[in-house]
Amino acid sequence: MDSGLLNVENLNTRYGSIRAIRRVGLTVKAGEIVCLIGPNGAGKTTLLGTVAGLLNPVQGQVVFNNVDITGWSPDRVLRAGLSLVPEHRRIFGNFTVRENLLVGGVTLSQDQRENLLEEMLDLFPVLKDKLSVSAGFLSGGEAQQLAIGRALMSNPKMLLMDEPSLGLAPVLVDVVFELISKLRDSGRTLLVVEQNAQRILNVADRAYVMRSGQVVAEGSASELSGSEDLFKTYLGGSGVAA
Amino acid sequence: MELIQQIVDGLGRGSIYALLALGIAVIFGVMHMVNFAHGELITVSAYTSYWLLTSGFDWWYVALAIIVVAAISSVVIEFVAFRWVRGAPDFTMLMTSFGVHFLVQALFVMYVSANFRQFPRPDWIFNTWKIGAINLEIYDLAVIATTLITLLGTYCLLQHTMFGISLRAAAEDFDAAHLMGIRSNRVIRGAFFLSGLLAGVAAVFWLMRSGQAGPVAGLNPMLKGVLAALIGGLGSLSGAVLGGFALGLVEVLLIARLPTEVVGLTDGIVFVLIALLFVFRPQGLITVHHVERV
Ligand SMILES: Nc1ncnc2c1ncn2[C@@H]1O[C@H](COP(=O)(O)OP(=O)(O)OP(=O)(O)O)[C@@H](O)[C@H]1O
Ligand SMILES: [Mg+2]
């Protein structure tokens, strides 16, 4: 077995007859920030969804922390220590900010939950004054921070993030990338899907490039970010952040 | 004066509808299924009452037994039937809930009897309380008080316990809740248990008044509960409660005002009013936002 915290091997997932990902393999070591980039429809969300248990693969293996978690339900995957910040955030809009964070800690004891809540408020000071505000009223940036905070509330061993900067104003995109750097510096393990290839390559250790359901390139972030070819061939044009 | 009596009467009726509608809305929330088998909990409760009362048990014990039996039956029905259609297309779930409705009915016809059986009603339900010119039925006051306490308890459960938060999270976005570590088995079974408890409380009062058990005993209360939940905007818990009280009030006020020769049309008129409501507010009284289930 590989030495990674997360090992994905030969993973295939379908939507009916559509083969959304094919023979995908990747590894994330503990403490690493790995990013997954690729054009729309490449299968990035499908891959994270399959790892997190939302989708069932037709073939292949997902091994996390030396346990085969292939086909586990999302709640079991979470309990194993793998938490997903889903695409479009999916925070509970009818809930208060506080309740959203509490749901994130549903698997913990009352004490642990309260402690982590305090920790999250230190990490996301903007949420402090908004604890009793309905989450549906948060701005995009606040909502994204809440989504990440909620995912961290389970005290996961590793975090999966699906396009955390999607739909945010440029200033808020900065906030999200700062946050990712902060999480990296605190030793977290992250697998991040991003459209913003150049920027995520600046903070990541390694990267995988997906296209049409397959991994077509991989390497260290610095290697890939210097590669003109990569941007021309796979990401359609320049690597300059939008 | 008469109006006050009618309002109390309507709220009494509405209380039962509200409890039934709330149970239906709780299940709709987590499963996106309209539970047409909800009335079967009343049917089962009715036979429980019949057997216990004719064996000489006191109504107080019977009331307790009804609530327990309704809650357990609700969980059993989920385990036997609805568990298999979780996440299925809406139509499949609809057919399943109809299926359970007719199956339970048929089982009672086949193994018990097709006829209605009478059981004694508690004598205090006919007592009234005179305040000046107003004549209030003790029964109505008891239903309203019990319902308010039950609703308050349910509210605290939903707002302040992790189970309540899990249930509301699953109702808003099942997948996101699942990703947070909420177990679908636990939250769905919990929803059916809660729904059964609420139906049990409603059944106690419904049966005290009807005093009979039959295979179709649950049909009328089920229809009223589903209607009230629809009025409230399916899936909205506060809407369901509101819808229940509104339905009860409208029924009583109509019955009191319609000329005797057309009182039989009350239900028809109520349906027309509901249809009108949906013309102007297709989403029901209260709008809820939730993410489509996959
Ligand atoms: N629910 C679904 N049903 C059918 N096909 C789907 C579904 N979701 C995704 N697909 C298809 O699967 C493929 C991969 O989609 P996926 O969402 O994983 O891509 P992505 O890389 O996340 O794209 P984006 O950058 O737009 O988020 C696409 O061809 C898409 O059309
Ligand atoms: Mg995607």
Side-chain angles (χ1 to χ4, degrees), chain A residues 15 45 48-49 51-56 72-96 98-110 112-114 132 134-137 146-147 149-156 159-162, chain B residues 25-26 28-30 32 83-84 86-89 155-191 232-240 283-294:
Chain A
Y15 299 101
T45 298
L48 293 197
V51 171
L54 286 172
L55 298 163
N56 265 323
W72 282 21
S73 63
D75 63 276
R76 272 186 90 191
V77 173
L78 182 102
R79 281 180 172 76
L82 194 52
S83 183
L84 170 68
V85 184
E87 195 172 30
H88 309 303
R89 308 190 264 276
R90 308 277 285 267
I91 56 174
F92 301 105
N94 297 328
F95 279 29
T96 63
R98 188 185 149 77
E99 286 174 329
N100 266 283
L101 291 170
L102 290 179
V103 176
V106 73
T107 54
L108 305 177
S109 72
Q110 176 95 31
Q112 283 175 304
R113 198 155 49 227
E114 295 297 333
S132 50
S134 176
F137 293 125
L146 177 58
R150 185 184 65 173
L152 288 172
M153 275 294 293
S154 62
N155 203 14
L159 204 59
L160 307 168
M161 286 191 191
D162 200 342
Chain B
V26 162
F28 185 83
V30 292
H32 273 205
R83 180 162 61 115
W84 308 103
R86 277 184 205 167
Y155 177 82
C156 290
L157 177 84
L158 291 174
Q159 291 298 320
H160 301 302
T161 65
M162 278 320 280
F163 168 72
I165 290 181
S166 303
L167 197 138
R168 287 186 294 132
E172 187 173 334
D173 185 339
F174 200 92
D175 277 345
H178 215 173
L179 282 171
M180 299 298 111
I182 291 168
R183 294 187 167 111
S184 35
N185 263 340
R186 204 173 278 188
V187 74
I188 291 177
R189 260 169 225 162
L234 255 181
S236 159
L237 303 185
S238 48
Q283 72 277 44
L285 291 178
I286 304 236
T287 315
V288 273
H289 301 280
H290 43 75
V291 173
E292 270 308 304
R293 292 276 314 272
V294 279

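Order of the sequence lines fixes the chain letters, A, B, ..., with proteins taken first and strands second; residue numbering starts at 1 for each chain. Everything quoted here is computed from the prediction, not taken from an experiment.
- If you measure heavy-atom distances from Arg113(A) to chain B, the contacts under 4.5 Å come from the side chain alone.
- Residues satisfying the side chain to side chain contact (heavy atoms under 4.5 Å, CB included) test with Phe137(A), not counting sequence neighbours, are Val133(A), Ser134(A).
- Atom CZ of Arg186(B) has 12 or fewer heavy atoms from other residues, nucleotides or ligands within 6.0 Å.
- The ring-ring contact (aromatic ring centres under 6.0 Å, His included) search around Phe163(B) returns none, not counting sequence neighbours.
- Summarising the geometry, atom CZ belonging to Arg98(A) is positioned 8.0 Å from atom CD1 belonging to Ile165(B); distances are rounded to the nearest 0.5 Å.
- Distance check: Arg89(A) CZ to Asp173(B) CG gives 13.5 Å after rounding to the nearest 0.5 Å.
- Between the OG atom of Ser73(A) and the CZ atom of Arg183(B) there is a distance of 8.5 Å, given to the nearest 0.5 Å.
- The cationic atom of Arg168(B) (NZ for Lys, CZ for Arg) lies less than 6.0 Å from the six-membered ring centre of Phe95(A) and within 45° of the ring axis.
- With a 4.5 angstrom heavy-atom cutoff, Ile91(A) touches chain B only via backbone atoms.
- Closest approach of Ala176(B) to Arg90(A), counting heavy atoms only: CB-O, 3.8 Å.
- Heavy atoms of Leu102(A) lying under 4.5 Å from chain B belong to its backbone as well as its side chain.
- In this structure, Val103(A) and Ser166(B) have side chains that are not in contact, with every pair of non-hydrogen atoms separated by 4.5 Å or more.
- Screening Thr107(A), Leu78(A), Asp75(A), Val106(A) against Ile182(B) for a side-chain contact (heavy atoms from CB on, under 4.5 Å) leaves a single residue, Val106(A).
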